[in-house]
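Scroll down for the structure; my scribbles are underneath it.
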There are 2 protein chains.
Amino acid sequence: MKKIPQQERSRQMVGRIIEAGHAVLVRDGYDALSTNRVAAEAGVSPGSLYQYFPNKEAVIEAVVERYSDVLAERITASLADRIDDAGPAMVRPTIEALLDALEENAEFLRVIADEIPRAENSSRTEALEQRIVGLVGAYLAARRADLGDTRPSTAAWVMVRAIEHLTVRYVLEHPTIPREEFVSELVRLVAGYLPD
Amino acid sequence: MKKIPQQERSRQMVGRIIEAGHAVLVRDGYDALSTNRVAAEAGVSPGSLYQYFPNKEAVIEAVVERYSDVLAERITASLADRIDDAGPAMVRPTIEALLDALEENAEFLRVIADEIPRAENSSRTEALEQRIVGLVGAYLAARRADLGDTRPSTAAWVMVRAIEHLTVRYVLEHPTIPREEFVSELVRLVAGYLPD
DNA sequence: ATTGTATGCGAGCGATGACTCGTGTCAGCA
DNA sequence: TGCTGACACGAGTCATCGCTCGCATACAAT
């Protein structure tokens, strides 16, 4: 039974439930998340939870959505900021911003990337990726001469996927590569692929 | 109760169970896989299944292991074959081989990559990655002059992760990029990153 | 044949957890 | 103050599943 909150207290409740879901995911992990546990963590009864979420999946979706909205905000803002710069002047700060954003919530990122099946969030993840691919594609289209006969959309697809994955894995696996070295490598990777 | 099969028929049973697990994963998906269902699919009783597998997870592990052994075999063989070639002469056939191997079993790849939580197979996946990173790292170390001050191990980490992820996503998402174009892009990506 | 052992069976136990529903409470309004 | 509908509660229902155990059967050795 999906209701639209009409009173203030119920809107607070939705917030508390999302917050609790986040806490349970980080503290107990994805497998241990039950609607009963989320309700308990939120100090709310299971029945109340189901007044605002149709099922368990919807709760998780809401938690993930809140996180990825914040992330999307930061990334696209950072990208848009430097869309007029060229080459490394644009690439390096963007990668730094991405790494910062991911590291800030590394524990939750681990849950999303390693514990939740990818398919569960495919729609949300892909929407975010599509949005960034669009941005980067437009950027590349504006400087098409650089690319030879590579299509901008293709180049954007490759770049965005690669950078996203590499940064996420770097943050989660903490390989024995100093951050500075890692960033430089990514910049080199991008620069080699998009010659100017 | 993990038993070591002593008679021929029981060895056949283990094989049938693994085969059934594979079939259930592909046909019904990860969430729908129960030990009872696997047993039924194998034409075997649940009790018998537990004579050879300590728990459900072990069954899945065995199924995944069989798949990733085949994959590892093909990739490392292909890599080793061309370890003496230089530049694109080595890179392109390797990527082609990787794409071939992934496409051959795309349905099962989807289950592994999109439905099973990554953490479930981290040990197996990482072992495979480590092995390939080792191979590539050794290759790069042998031609260290090319890399400037980038450490071979770092370059290998970046390359292997990037190529693996991009090829998997390409196979699973079937973006509107022709295969030939995609391969050329990956070759360009590698060539740009590892100048010679 | 007979006995001992390995193998196989499948009904069912025990626990879990998503979700419901009957009951109670609170806020706002006349 | 009494009424009404939104809101909240939480014990309980119902189905699912991982896993066990007592028994049956096939096989090998003697």
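Below, chain A is the first sequence line, B the second, and so on; all start at residue 1.
- With rounding to whole Å, A/L49 atom CG is found 11 Å from C/dT20 atom P.
- Atom-to-atom, CG of B/N55 to P of D/dC19 comes out at 5 Å; the value is rounded to the nearest Å.
- Rounded to a whole Å, the CG atom of B/D31 is 15 Å from the P atom of D/dT16.
- Side-chain contact between B/P117 and A/Y30: absent, with no pair of heavy atoms (C-beta onward) separated by less than 4.5 Å.
- Summarising the geometry, the separation between OH on A/Y52 and C1' on C/dC19 is reported as 17 Å, rounded to the nearest angstrom.
- One can place CZ of B/F53 at 18 Å from C1' of D/dC17, the figure rounded to the nearest angstrom.
- When the P atom of D/dT16 is taken as reference, atom NZ of A/K56 falls 16 Å away, rounded to whole Å.
- The distance between atom CD1 of A/I17 and atom C1' of C/dC19, rounded to the nearest whole Å, is 14 Å.
- Grouping the Ile, Leu, Val, Met, Phe, Trp and Tyr side chains by contacts below 4.5 angstrom, directly or via other members, places A/I83 with A/L194.
- Listed by chain and residue number, nothing satisfies the salt bridge (Lys or Arg N to Asp or Glu O under 4.0 Å) test with A/E120 (two or more places apart in sequence, or in another chain).
- For the OP1/OP2 pair of C/dA18 and a distance below 4.0 Å, the side-chain nitrogens and oxygens of A/T35 include at least one atom meeting the criterion.
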- Query: So B/R188 and B/E181, salt bridge (charged side-chain N to carboxylate O under 4.0 Å, His left out) or not? Walk me through it.
  - Reply: CA-CA 10 Å; B/R188 244 174 28 78; B/E181 179 182 356; over 6 Å; no
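- Aromatic ring orientation, A/H165 versus B/H165: parallel (interplanar angle below 30°, classes split at 30° and 60°).
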Distances for protein N/O vs nucleotides 9-12 of chain C N/O pairs under 3.5 angstrom?
| residue | atom | partner | partner atom | Å |
| --- | --- | --- | --- | --- |
| C/dC9 | OP2 | B/S45 | N | 3.2 |
| C/dC9 | OP2 | B/S48 | OG | 2.9 |
| C/dG10 | N7 | B/S45 | OG | 3.0 |

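- In this structure, A/E57 atom CD and C/dG17 atom P are separated by 18 Å, rounded to whole Å.
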Which atom pairs, donor and acceptor, lie under 3.5 Å between side-chain atoms of residues 91-98 of chain B and protein residues at least two apart or in another chain?
| residue | atom | partner | partner atom | Å |
| --- | --- | --- | --- | --- |
| B/R92 | NH2 | B/S184 | OG | 3.3 |
| B/T94 | OG1 | B/M90 | O | 2.8 |
| B/E96 | OE1 | B/R179 | NH2 | 2.7 |

